[in-house]
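Accompanying notes for the structure given below.
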Amino acid sequence: MDKALWYLLTATRGGENRARIIRALSERPRNANQLAEVLDVRYKTVRHHLDMLADHDVVDPGDNEYGKLYFLTDQFEQHREAFEEIMEHIE
């Protein structure tokens, strides 16, 4: 997970938006529409980043297809310290 976080947040374009999504989901679960509004980012952009985060087991989409809420995974929570360390290097 640590390597995946470094990759997602620093090695590719969009790392800043992915970090912002993680921060927003740390506050509470949200759907893609809510994230787009809160972060002032296009819906399609948020969906792209959510898909990448889901592919790397950082976020987990809820079961409801319409208005699907996204949650941070337990696996991410076990590596939150690595996330915070990465954020110190890029902020």
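All residue numbers in this chain count up from 1 along the given sequence.
Between Lys68 and Asn31, the shortest heavy-atom contact is O-CB, 3.0 Å. In this structure, Ala4 and His56 approach most closely via the heavy-atom pair CB-CD2, 4.0 Å.
Other residues, nucleotides and ligands place more than 12 heavy atoms under 6.0 Å from the CD atom of Glu77. Environment of CD in Glu81: sparse, with no more than 12 heavy atoms of neighbouring residues, nucleotides or ligands closer than 6.0 Å.
Note on ring orientation: taking the six-membered ring where Trp is involved, the planes of Phe76 and Phe83 are perpendicular (angle over 60°, cut-offs 30° and 60°).
Clustering ILVMFWY residues whenever any of their side-chain heavy atoms sit less than 4.5 angstrom apart, transitively, puts Leu8 in the very cluster that holds Leu39. Under the 4.5 Å side-chain heavy-atom criterion for grouping Ile, Leu, Val, Met, Phe, Trp and Tyr, Tyr70 is not connected to Tyr43 through any hydrophobic cluster. Leu69 and Leu35 are members of different hydrophobic clusters when ILVMFWY side chains are connected at heavy-atom separations under 4.5 Å.
Annotation: side chain of Gln78 is not in contact with side chain of Met1 (no heavy-atom distance under 4.5 Å). A heavy-atom distance below 4.5 Å is found between the side chains of Arg23 and Met87. Taking 4.5 Å as the limit, some side-chain heavy atom of Ile21 sits within range of a side-chain heavy atom of Leu50.
Not counting sequence neighbours, the partners of Asp2 by the side-chain contact (heavy atoms from CB on, under 4.5 Å) test are His79, Ala82. Every residue meeting the side chain to side chain donor-acceptor pair (under 3.5 Å) condition with Ser26, not counting sequence neighbours, appears here in chain and number order: Arg80.
The structure places CZ of Arg47 at 10.5 Å from CG of Asn33, a figure rounded to the nearest 0.5 Å. Once rounded to the nearest 0.5 Å, the distance linking NE2 of His49 with CD1 of Ile22 reads 11.0 Å.
For residues 28-37, the set of pairs meeting the salt bridge (charged side-chain N to carboxylate O under 4.0 Å, His left out) definition, not counting sequence neighbours, comprises Glu27-Arg30.
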